[in-house]
2 protein chains.
Amino acid sequence: MNPDDACPIRDILNRFGDKWSILVMVQLHRHRVLRFSAIGKSIPDISQRMLAVTLRTLEADGLVKRKVYPEVPPRVEYQLTTMGESLIPLIRNMVEWARENRGEIIRSRNAYEGRE
Amino acid sequence: MNPDDACPIRDILNRFGDKWSILVMVQLHRHRVLRFSAIGKSIPDISQRMLAVTLRTLEADGLVKRKVYPEVPPRVEYQLTTMGESLIPLIRNMVEWARENRGEIIRSRNAYEGRE
DNA sequence: CAGTATCCTGATCGATACTG
DNA sequence: CAGTATCGATCAGGATACTG
């Protein structure tokens with residue numbers, strides 16, 4: 001009843017409400033481990049900047065682990081942490097819900113447009 | 001072609017990534033039915049404008065039903081649609097996850113700050 | 001009461017160029 | 001390869017005032 005009940009979600013969920021975080025996490029989950037450039041290829045329309053920013057944020061939150069190999073040329077590998085993996089089932093549920101309801105939402109939007 | 005067309009999750013989830021949609025839906029779920037001003041009171045820091053905008057979007061998407069009573073002064077009641085209700089369990093899971101992991105995320109953020 | 005209409009600010013995001 | 005730096009555009013969101 002207290003609005004604070006939903007407050008933790010605001011802080012946390014806002015991170016995944018951004019444009020790329022969920023997409024990056026899904027790719028990392030699918031491939032287990034990916035290099036920077038490989039994530040970029042798996043998400044063709046993400047810019048280098050936004051990929052870096054997104055990975056930095058996910059890393060800071062402890063959802064993604066970053067491992068640097070001291071080689072030349074440099075190699076950096078990313079993978080989900082245990083906490084990051086624990087979020088995957090929830091993301092999957094959301095995707096599933098979106099798939100099931102997308103048609104109705106689109107229809108509703110069109111109807112709403114037409115009624116004014 | 002818009003990438004949102006190909007990726008249902010981006011189109012749908014972006015709506016709930018905004019600042020107020022989830023909070024409004026949670027309030028409507030808890031009270032079953034609420035008037036405009038009552039939602040505002042249950043979410044003290046939402047502006048009148050953002051409440052109206054959020055409700056309009058949720059209504060357009062078919063997640064919230066709006067009922068106007070032809071009275072003076074006007075009375076308008078909002079409640080979740082069936083589709084809106086179907087989203088509540090997923091939101092609850094997200095809130096639950098956020099509660100369980102919030103501590104670790106905060107600690108991770110602090111550690112990340114300190115390491116550079 | 002239940003909203004609109006304006007105006008404005010800060011954040012988000014993208015393009016481009018550059019680097020260890 | 002794996003980034004960072006800089007700039008500019010776009011947009012979500014807030015403050016305030018007004019209305020049927």
Side-chain angles (χ1 to χ4, degrees), chain A residues 3 6-7 9-24 27-28 31 33-61 64-79 112 115-116, chain B residues 2-4 7 10-24 27-28 31 33-61 64-79 112 115-116:
Chain A
C7 186
I9 198 183
R10 249 204 265 191
D11 177 29
I12 306 299
L13 262 245
N14 279 354
R15 306 299 262 241
F16 316 130
D18 73 356
K19 200 167 177 184
W20 302 110
S21 291
I22 288 183
L23 226 38
V24 167
Q27 293 304 322
L28 288 178
H31 298 86
V33 52
L34 283 175
R35 303 176 60 163
F36 185 89
S37 58
I39 306 175
K41 274 169 202 160
S42 75
I43 308 173
D45 51 343
I46 193 173
S47 67
Q48 219 169 6
R49 185 180 110 81
M50 287 316 297
L51 179 53
V53 169
T54 302
L55 285 169
R56 243 27 97 223
T57 304
L58 291 173
E59 188 194 358
D61 283 5
V64 161
K65 200 175 352 178
R66 177 173 180 268
K67 179 152 194 203
V68 183
Y69 294 86
E71 304 172 359
V72 177
R75 179 161 56 108
V76 180
E77 288 184 348
Y78 294 91
Q79 61 181 307
Y112 189 86
R115 96 156 69 115
E116 76 223 74
Chain B
N2 187 338
D4 284 354
C7 185
R10 250 200 266 189
D11 178 29
I12 305 301
L13 252 44
N14 280 354
R15 306 298 262 240
F16 314 128
D18 74 356
K19 198 166 176 181
W20 302 110
S21 292
I22 287 183
L23 226 38
V24 167
Q27 294 304 323
L28 288 178
H31 298 85
V33 53
L34 283 174
R35 303 176 60 165
F36 184 89
S37 57
I39 306 175
K41 274 169 202 159
S42 74
I43 309 175
D45 51 343
I46 192 172
S47 67
Q48 219 169 8
R49 184 179 109 80
M50 286 317 295
L51 178 53
V53 168
T54 302
L55 285 170
R56 243 28 96 223
T57 304
L58 290 173
E59 189 195 358
D61 282 6
V64 161
K65 199 175 351 181
R66 177 173 180 269
K67 177 152 194 202
V68 183
Y69 294 86
E71 305 172 358
V72 177
R75 180 161 55 108
V76 181
E77 289 183 346
Y78 294 90
Q79 61 180 307
Y112 189 86
R115 98 158 65 118
E116 83 230 73

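Letters A, B, ... mirror the listed sequences (proteins, then strands); counts begin at 1.
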Item to check | Beyond-backbone contact of A/Glu59 with A/Leu55, side-chain heavy atoms, under 4.5 angstrom | outcome: no
Item to check | B/Ile39 side chain reached by B/Leu51 side chain, heavy atoms, under 4.5 Å | outcome: yes
In whole angstroms, how far is the [atom2] atom of [N] from the [atom1] atom of [X]?
| X | N | atom1 | atom2 | value |
| --- | --- | --- | --- | --- |
| B/Ile43 | D/dG14 | CD1 | C1' | 16 Å |
| B/Leu51 | D/dG14 | CG | P | 12 Å |
| A/Met50 | D/dA5 | CE | P | 16 Å |
| A/Asn14 | C/dA11 | CG | C1' | 12 Å |
| B/Arg75 | C/dC1 | CZ | C1' | 11 Å |

[X] vs [N]: side-chain N/O to OP1/OP2 distance below 4.0 Å:
| X | N | value |
| --- | --- | --- |
| A/Ser37 | D/dA2 | yes |
| B/Arg15 | D/dA12 | no |
| A/Tyr78 | D/dC1 | no |

Item to check | Pair listing, salt bridge (Lys or Arg N to Asp or Glu O under 4.0 Å) test, anchored in residues 67-76 of chain B, at least two apart | outcome: B/Glu71-B/Arg75, B/Arg75-B/Glu77
With sequence neighbours left out, write down each residue that passes side chain to side chain contact (heavy atoms under 4.5 Å, CB included) with [X], or none if nothing qualifies.
| X | result |
| --- | --- |
| B/Val72 | none |
| A/Arg49 | A/Ser47, A/Val53 |
| A/Lys41 | none |

Which nucleotide wins on minimum distance to the side chain of [X], given the candidates [options]?
| X | options | result |
| --- | --- | --- |
| B/Arg56 | C/dT4, D/dG3, C/dC13 | C/dT4 |
| B/Ala52 | C/dG3, D/dG14, C/dC13 | C/dG3 |
| A/Arg35 | D/dC1, D/dG13, C/dG3 | D/dC1 |

Determine all donor-acceptor pairs shorter than 3.5 Å in which one atom belongs to a side chain in residues 15-23 of chain B; sequence neighbours excluded.
residue : atom : partner : partner atom : Å
B/Arg15 : NE   : B/Asp61 : OD2          : 3.4
B/Arg15 : NH2  : B/Asp61 : OD1          : 3.3
B/Asp18 : OD1  : B/Trp20 : N            : 3.4
B/Asp18 : OD1  : B/Ser21 : N            : 3.0
B/Asp18 : OD1  : B/Ser21 : OG           : 2.9
B/Asp18 : OD2  : B/Ser21 : OG           : 2.8
B/Ser21 : OG   : B/Arg15 : O            : 3.4

Checklist entry - What's the shortest heavy-atom distance between A/Tyr78 and A/Val64, and which atoms? => result CD2-CG1, 3.8 Å
Restricting to nitrogen or oxygen on both sides, can you table the protein-nucleotides 8-10 of chain C pairs closer than 3.5 Å?
none

Next on the checklist: Counting Watson-Crick and G-U wobble pairs with both distances under 3.5 Å, what is the dot-bracket string for DNA chain D, 5' to 3', using [ ] for crossing pairs and | for pairs to another strand?
Outcome noted: ||||||||||||||||||||
Checklist entry - Does the base of D/dG13 carry an N or O that pairs as donor and acceptor with the side chain of B/Arg49 under 3.5 Å? => result yes
Filtered N/O pairs between nucleotides 18-20 of chain D and protein, under 3.5 Å:
none

